[in-house]
> 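Dropping the structure in here first, questions after.
These figures come from a predicted structure and were not determined experimentally. We name chains A, B, ... by the order of the sequence lines, and we start the count at 1 in each one.
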Amino acid sequence: MRRLRIITLPYLVWMVVLVLVPTLLILLLSVTNLDIYNIGPFSFVTEGFEELTKPLVITAMKNSVRLSLLATLICFLIGYPTAYFLANLKTSKKTMLITLFILPVWSNMLLRIIAWETLFFPNSILNMFGISLNLIGTDVAILIGMTSMYLPFMTLPLYSVLEKMDHSLIEASKDLGASNMQTFLKVTLPLSLSGVVSGVIMTLLPSMTAFALPERLSGGKTLLIGNIIEDYFMKTSNINGGAMISIALMVVIIVLFMVVVHFDKEGETLI
Amino acid sequence: MGTKLVEISGLTKSFDDVEVLKDIHLYINENEFVTLLGPSGCGKTTLLRLIAGFEYADAGVITFDGRVLEELPPNKRAINTVFQKYALFPHLNVYENIAFGLKMKKMPKEDINKEVTSVLKLVKLEGFEGRNIKTLSGGQQQRVAIARAVVNKPKLLLLDEPLGALDLKLRQEMQYELKEMQRALGISFVFVTHDQEEALTMSDTVVVMNDGIIQQIGTPIDIYNEPENRFTANFIGESNIIDGVMHKDFLVEFEGVMFECVDEGFDQLENVDIVIRPEDIELKIDAGKINGVVDAITFKGVHYEIIVMVNDKEYIIHSTDPKEVGDKVSLHFEPEDIHVMVKSNA
């Protein structure tokens with residue numbers, strides 16, 4: 001155990017300095033009038049809670065939950081068959097296809113968002129093919145953006161559980177009289193649940209907290225909670241309100257995760 | 001026994017240009033315990049998987065109960081399999097694992113209950129219904145795997161080296177129990193193993209395979225006493241294999257000496273392989289037809305294994321009567337202990 005503790009030290013330091021302390025700071029900022037740029041005496045305030053009742057904030061929170069859940073569902077519907085296909089490939093082709101699949105993640109996310117943005121305006125390179133899209137500001141634009149950004153994060157955990165799955169279990173299921181569909185529903189899917197939960201978390205989390213993506217693709221029409229928080233901190237300098245909304249977002253995410261993890265009986269996922 | 005349940009003819013299968021099964025012909029009777037015996041890579045598991053429907057043959061036909069099997073996917077065959085590593089569903093408990101096949105058949109709940117309870121009794125796992133698969137020992141998992149297969153009342157049960165992962169004592173116990181179960185259920189078993197003792201103990205019929213070819217089909221006693229070729233003789237028990245020449249029916253020459261034997265039907269002066277089992281040779285101190293010197297002796301528990309050098313060739317003899325290294329001895333055996341086989345090229 002002692003040895004283990006030494007090995008985990010860098011991670012612990014990382015977590016404390018970059019996760020725990022900032023989180024506690026946000027928590028403190030959400031209920032006090034502490035001036036973070038000029039630290040001095042401070043007192044507890046309750047104005048932050050009032051921010052949570054503002055229609056703009058509530059709408060943005062609803063938009064975020066709705067669009068992230070939709071994006072996660074779309075990622076699952078595309079990602080599962082893809083992962084299943086990749087996992088059942090012969091080894092030689094496998095490595096190359098998976099590399100191709102991960103390749104987009106290596107380029108900067110902001111650049112990819114901007115690339116989509118230019119395609120979604122009526123005047124774009126697509127005009128060459130006689131296509132003119134006018135999607136900026138629509139849910140469709142945001143969903144396409146989110147799906148393309150986060151699909152690999154759904155697919156890879158699914159691929160890793162499906163790839164490790166003992167193929168004889170599938171044969172056993174068919175041997176016992178189950179059709180392909182029944183085998184999938186009764187054996188493959190339940191056994192890949194841990195991958196589903198990982199994938200959902202990996203997709204849901206960045207979608208819920210996204211702010212660059214909706215800012216570029218919504219043209220200011222659809223506000224997500226990430227944009228609101230950014231505005232509070234960067235534009236109106238309402239640190240107390242921004243911190244409170246951040247905490248509220250954290251609570252919403254934790255609740256969503258608890259629902260997701262509830263389905264994972266094995267408890268073999270990230271959380 | 002009597003009616004043919006499975007008939008296999010001309011079965012051929014290759015994986016990536018490697019022929020793993022070459023023109024297999026075989027039939028399995030109803031209520032018969034058939035063992036496919038051979039070293040790993042001999043094609044025995046592939047043959048089993050073809051019958052189960054997990055692989056498809058390149059050529060040849062398997063008929064089952066009068067129907068051509070190729071037309072049926074594995075889930076439509078009245079055949080169940082006990083897998084090598086059991087392949088129990090880790091997300092289901094013992095009851096749910098066993099009930100899986102019955103649920104697929106849409107059997108009413110009460111009937112499923114009844115069937116599962118009675119099969120758990122058969123495999124001696126009463127009270128294990130709610131147990132998690134991961135908390136079971138290897139032997140218990142083995143029994144669940146058997147229960148999960150036989151509860152469906154298949155006409156044919158396929159077992160792919162199901163005892164390989166068990167320790168010796170448990171394995172011997174399960175050999176006996178499987179044989180009992182097969183008699184009690186009255187269904188045909190096809191049992192794959194590389195363990196010759198297991199094959200001889202349990203089977204009605206042993207099918208010896210090597211290199212994708214059936215070497216010999218017969219009862220355990222036939223296979224042991226009358227091996228048809230060098231491979232079978234070597235694979236089943238220990239053997240002395242000697243070059244010989246058949247002079248005429250019932251007369252064979254080896255080690256420069258003529259011997260009376262019980263074999264006939266060979267060409268005159270045909271080169272043959274002679275098999276003599278180590279336990280069939282008796283050693284005497286006086287001179288005889290074949291004479292040699294004791295080279296080594298090892299205590300094996302029930303018997304001594306004695307190596308005797310005869311004309312620079314080793315003979316293995318099993319005897320309860322010890323000898324000293326360097327003893328001059330003669331080898332004696334009866335005509336029926338001399339097994340004459342067609343010469344193998346190997």
> Select one option (side chain, backbone, both, neither) describing which atoms of B/L158 are under 4.5 Å from chain A's heavy atoms.
neither
> Only distances under 3.5 Å count here; give the side-chain donor-acceptor pairs of residues 158-165 of chain A to other protein atoms, sequence neighbours excluded, each with its distance to 0.1 Å.
| from | atom 1 | to | atom 2 | distance (Å) |
| --- | --- | --- | --- | --- |
| A/S160 | OG | A/P157 | O | 3.2 |
| A/E163 | OE2 | A/K94 | NZ | 3.0 |

> Any heavy-atom pair between the side chains of B/I133 and B/Y86 that's under 4.5 Å?
no
> So with a 6.0 Å cut-off around NZ of B/K13, is the heavy-atom count from everything else above 12?
yes
> Sequence neighbours excluded, which residues qualify as salt bridge (Lys or Arg N to Asp or Glu O under 4.0 Å) partners of A/R112?
none
> Can you name the residues that form a ring pair (Phe, Tyr, Trp, His ring centres under 6.0 Å) with A/Y150, not counting sequence neighbours?
none
> If I measure from the heavy atoms of chain A, does B/L88 come under 4.5 Å with its side chain, its backbone, both, or neither?
backbone
> Side chain from CB out, backbone as N, CA, C, O: work out which of these in B/R49 comes under 4.5 Å of a heavy atom of chain A, or both, or neither.
side chain
> I need the minimum non-hydrogen distance between B/L92 and B/E96, along with the two atoms involved.
CA-OE1, 3.4 Å
> Might you point out which heavy atoms bring B/S137 and B/Q140 nearest each other, and give the distance in Å?
N-OE1, 2.9 Å
> Checking B/F89 against chain A: side chain, backbone, both or neither under 4.5 Å from a heavy atom?
both
> Within residues 168-180 of chain A, which residues come under 4.5 Å of chain B, heavy atom to heavy atom?
A/S168, A/L169, A/E171, A/A172, A/S173, A/K174, A/D175, A/L176, A/G177, A/A178, A/S179
> Heavy-atom distance under 4.5 Å between the side chains of B/L125 and B/L136, does that happen here?
no
> Sort B/N80 into side chain, backbone, both or neither according to what part of it lies under 4.5 angstrom from a heavy atom of chain A.
both
